[in-house]
Each structure stands twice: as structure tokens, then as C-alpha cells.
Peer 1: 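Structure below; questions to follow.
We use all heavy atoms of the structure for the numbers below, so side chains are in, but hydrogens, waters and symmetry mates are not.
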Amino acid sequence: MQKIGVVGCGLMGAGIAEVCARAGSEVVVVESDDARAESGRARLEKSLRRAQERGKLDDAGAVLERIRVVTDLTELADRDMVVEAILEEESAKVALFKQLDEIVTSPDAILASNTSSIPIMKLATVTKRPSHVLGVHFFNPVPVLKLVELVPSLMTDAQTTERARDYVDNTLGKQAITCQDRAGFVVNSLLIPFILSAIRMYESGFATAEDIDSGLVLGAAHPQGPLALADLIGLDTTMAVAQSLYEEFKEPLYAPPPLLARMVDAGLLGRKTGRGFYTYEQ
Ligand SMILES: CC(=O)CC(=O)SCCNC(=O)CCNC(=O)[C@H](O)C(C)(C)COP(=O)(O)OP(=O)(O)OC[C@H]1O[C@@H](n2cnc3c(N)ncnc32)[C@H](O)[C@@H]1OP(=O)(O)O
């Protein structure tokens, strides 16, 4: 698979486009309008230049030449695999998969979703090729974290999953794990209730954000504490994943705490807006 498409050039989409292009694939990224395409391009450039400055990449320019950011979905027609990385909203993803099914011409092409929590079956069944639809879920920051979760639905061909695994393991040099099509998959089913517990602890006044995070960094060797991690993921995404998990399993441990909902209402979404549990320079 050499021709990759990515839909969405936000935090995750840009990261996915970057790692695919760094691995030698030719990548077309689609954004919904010119302004978003421009900021997506800037995000990619910044990340690649930073990798070059840190000596992790020889030639950022050569990688950028393999990436085109466009606003027309039909430019994905000739792709071998398209990875959807738009906002975590089921209706938007369903509408996009219907369009991709019409646009992407090769019957062998894979339609993948980077969703964190929406059942793959909901996306597969709106296409005429459910055997070629699966979840390919990356982790933030995509250039740093090695894991990719592969999530076949009940309708996905074993061959589709194997082709995706081969690309992830052998072309991207990451490591794939596979799990069933249940909300949250492996990582978020464990990580989100942990983050929600930290938010409840903070909300109750039990300890400060700094002390909760220091506890986990210094006492359990986590690279960052749960509240800083929620800010990195984005509080809107954290909330959306929690809601999907709660809807699927109806377990109280997945219910979003009121403080998280209020922060999302207020637009305090973490790093990307400059304020969440902490404040950040923009
Ligand atoms: C919600 C979902 O569906 C899925 C998810 O994404 S869940 C979230 C999963 N992510 C995590 O759990 C992240 C956990 N945190 C970490 O791994 C680390 O704290 C971190 C990588 C974010 C930052 O690490 P740090 O040591 O505190 O900071 P820093 O020294 O700046 O970075 C460490 C390395 O990562 C690199 N890095 C950090 N952020 C980066 C980014 N956005 N892009 C590229 N590289 C980055 C740095 O360049 C640095 O590399 P070198 O050591 O080779 O110089």
C-alpha cells in the first residue's frame, strides 16, 4: 500500500499523515475548507521541521513533498487505504463513510477509521464493502507512540486486517494489537475510567491537580499524570469517548463527571485551546 488518504488534518490526522509520509507512502490529506487545510499544512510543517531539528529526520522537505493537503474528497479516488480522522461524532463519520464508499474506486481499497470509541460496524454497514472496513486507531502524539489498535468488525475480511497489520508493523514500524469491535477497544476501556477517576478526585477537592499528577508520575512511573494527559488528548475527545463507553456498557465508572462536561461547555479543552486542568502558552 503506497497511496494513503487521510481525512482530517487536526491533531490525529496530521500525525497519521506524517508517519505515513515518513515511511515512504504518498499521502493525500483532505480538510473541509481552505483555512483548515492551511492550518493542517502548518501543523505538519512544524512537526516535521522539529523532527529534523532534533536529528530524528534527515530531510523534512522531502517528506512534505509526499503530502498534499486538499479540500476535495474526490482526490481520494485512487487511494489504497483511506484513514478517517475527523471529529469523534458518529453522524459525521457515517456521512463520510457513505461518501468515501462512492469515491474510492479500487475494490481492494481499505476504508479505515481512527475512531477511539465508535463501533466500526456502524461505519461498515453504510458502505457496500463492509469486508474492507476496519478500525486503525493511533495514539497521540502519533509520531512518538508505537501502538496502533486494529479493530475488525464482524464483517471485516481476515485479509483486510492482515494487510492493515502488515502496513502498520512493516511499513510504519509501529506495533499493531487487535481487539473486538467494542466501544473503547483495549486502551481507552482502561485509560478513560482512570482519567475520569482522577477528575472526580480533583472535583471533590481531595487533592490539587498538580498533586494528583505528581502522584502518578513519581509514584507509578507514568510519563505524565492523568489530568495532564486529559489536556493532551483534549477534554472534548475525553468526554466523547467516555460517553460512547457509558452508552455501550452503562457502567457508572464510564459516566463523565460534571466538571468535565462543564469544562467542555466552556471551551476549556486542554492544550489545543490553551486551558484545561492547566494553562498553556499558545
Ligand atoms: C484518546 C485516544 O483515543 C487515544 C490516545 O491518544 S490516548 C493518549 C495516549 N498518549 C499518552 O498516553 C501520552 C503519554 N505521555 C507521553 O508519552 C509523554 O508525556 C509525551 C511524549 C507526551 C511527552 O514526553 P516528555 O518526556 O514529557 O516531553 P518531551 O521531552 O517534550 O518529549 C519526549 C520525546 O517525545 C517527542 N515528542 C513529544 N511530543 C511530540 C509531538 N507532539 N510530536 C512529535 N514528537 C513529540 C519529543 O520530541 C521528545 O523526543 P526526544 O526525547 O527524542 O527528544
Side-chain angles (χ1 to χ4, degrees), residues 1-9 12-13 15-32 37 66-138 142 148-182 185:
M1 289 195 288
Q2 273 314 303
K3 292 181 185 167
I4 303 295
V6 178
V7 188
C9 201
M12 296 304 288
I16 296 165
E18 175 179 332
V19 296
C20 293
R22 283 173 73 165
S25 298
E26 189 237 307
V27 185
V28 174
V29 190
V30 185
E31 254 302 353
S32 50
R66 287 198 287 277
I67 307 176
R68 275 193 311 125
V69 186
V70 301
T71 54
D72 182 359
L73 265 187
T74 63
E75 298 217 31
L76 298 175
D78 67 346
R79 299 292 95 184
D80 301 320
M81 175 162 82
V82 175
V83 184
E84 165 280 309
I86 65 169
L87 75 172
E88 196 65 4
E89 206 179 277
E90 189 177 313
S91 59
K93 288 187 195 277
V94 162
L96 177 63
F97 269 73
K98 280 186 191 157
Q99 283 181 288
L100 290 175
D101 191 36
E102 298 295 327
I103 288 168
V104 179
T105 50
S106 165
D108 290 333
I110 294 178
L111 301 184
S113 174
N114 181 58
T115 179
S116 319
S117 59
I118 292 167
I120 301 305
M121 188 63 88
K122 303 241 183 199
L123 309 177
T125 49
V126 299
T127 72
K128 291 188 277 306
R129 53 177 115 188
S131 60
H132 284 65
V133 175
L134 87 165
V136 175
H137 182 218
F138 291 80
V142 181
V148 177
E149 289 177 316
L150 296 181
V151 189
S153 81
L154 288 173
M155 311 285 277
T156 310
D157 267 355
Q159 214 197 352
T160 301
T161 311
E162 277 322 299
R163 285 172 61 213
R165 180 191 300 283
D166 181 53
Y167 184 73
V168 166
D169 287 354
N170 299 324
T171 302
L172 298 185
K174 293 199 178 279
Q175 187 168 337
I177 60 171
T178 309
C179 68
Q180 288 184 13
D181 184 20
R182 300 284 182 274
F185 315 139

Peer 1: Is it true that a side-chain atom of R68 and a backbone atom of V28 form a donor plus acceptor pair closer than 3.5 Å?
Peer 2: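 Checking the backbone N and O of V28 against the side chain of R68, no donor-acceptor pair under 3.5 Å is found.
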
Peer 1: For I177 and F185, run side chain to side chain contact (heavy atoms under 4.5 Å, CB included): C-alpha distance rounded to whole Å, both residues' side-chain angles, the deciding distance at 0.1 Å, then the answer.
Peer 2: CA-CA 10 Å; I177 60 171; F185 315 139; over 6 Å; no

Peer 1: Would you call E26 and R79 a salt bridge, taking side-chain N to carboxylate O under 4.0 Å as the test?
Peer 2: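 Yes, E26 and R79 are salt-bridged.
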
Peer 1: Is a side-chain N or O of N114 found less than 3.5 angstrom from the main chain of F138, in a donor-acceptor match?
Peer 2: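 It does hold such a pair.
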
Peer 1: Considering residues, nucleotides and ligands other than K174, do more than 12 of their heavy atoms fall under 6.0 Å from its NZ?
Peer 2: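 Buried by this count: over 12 neighbours within 6.0 Å.
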
Peer 1: Show your reasoning for whether side chain to side chain contact (heavy atoms under 4.5 Å, CB included) applies to M81 and R163.
Peer 2: CA-CA 10 Å; M81 175 162 82; R163 285 172 61 213; over 6 Å; no

Peer 1: Decide side chain to side chain contact (heavy atoms under 4.5 Å, CB included) for I118 and E88; before the verdict, give the C-alpha distance in whole Å, the side-chain angles of both, and the deciding distance to 0.1 Å.
Peer 2: CA-CA 8 Å; I118 292 167; E88 196 65 4; 4.1 Å; yes

Peer 1: Could you tell me whether D101 and K128 have a side-chain N and a carboxylate O separated by less than 4.0 Å?
Peer 2: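 A salt bridge links D101 with K128.
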
Peer 1: If we ignore hydrogens and angles and just use 3.5 Å, is the side chain of K93 paired with the main-chain N or O of I86 as donor and acceptor?
Peer 2: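 Side chain of K93 to backbone of I86: a pair is present.
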
Peer 1: Pick one: which of H132, R129, M121 meets side-chain contact (heavy atoms from CB on, under 4.5 Å) with M155?
Peer 2: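 Of the listed residues H132, R129, M121, the side-chain contact (heavy atoms from CB on, under 4.5 Å) partner of M155 is M121.
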
Peer 1: Donor-acceptor check, side chain of E31 to backbone of C9, threshold 3.5 angstrom: yes or no?
Peer 2: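 Checking the backbone N and O of C9 against the side chain of E31, a donor-acceptor pair under 3.5 Å is found.
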
Peer 1: Please say which of T74, D72, L73 ends up in a side-chain contact (heavy atoms from CB on, under 4.5 Å) with L76.
Peer 2: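 Single side-chain contact (heavy atoms from CB on, under 4.5 Å) partner of L76 among T74, D72, L73: L73.
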
Peer 1: For the pair D181 (side chain) and P119 (backbone), establish whether a donor and an acceptor sit closer than 3.5 Å, ignoring hydrogens and angles.
Peer 2: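 A pair under 3.5 Å: no.
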
Peer 1: Test E84 against S113 for side chain to side chain donor-acceptor pair (under 3.5 Å), laying out the working first.
Peer 2: CA-CA 5 Å; E84 165 280 309; S113 174; 2.5 Å; yes

Peer 1: Side chain of T105, backbone of A77: donor and acceptor closer than 3.5 Å?
Peer 2: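 Yes, because the side chain of T105 sits within donor-acceptor range (under 3.5 Å) of the backbone of A77.
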
Peer 1: Report yes or no: does T161 contribute a side-chain atom to a donor-acceptor pair with the main-chain N or O of P152 at less than 3.5 Å?
Peer 2: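 Side chain of T161 to backbone of P152, a donor-acceptor pair under 3.5 Å: no, none is there.
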
Peer 1: Run the salt-bridge test on R165 and E162 with the 4.0 Å N-O cut-off and return the result as yes or no.
Peer 2: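 Between E162 and R165 there is a salt bridge, with a charged N closer than 4.0 Å to a carboxylate O.
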
Peer 1: So that I can tick it off, tell me whether E18 and R22 are bridged by a salt bridge, with the cut-off set at under 4.0 angstrom between side-chain N and carboxylate O.
Peer 2: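 Looking at R22 and E18, the cut-off is met.
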
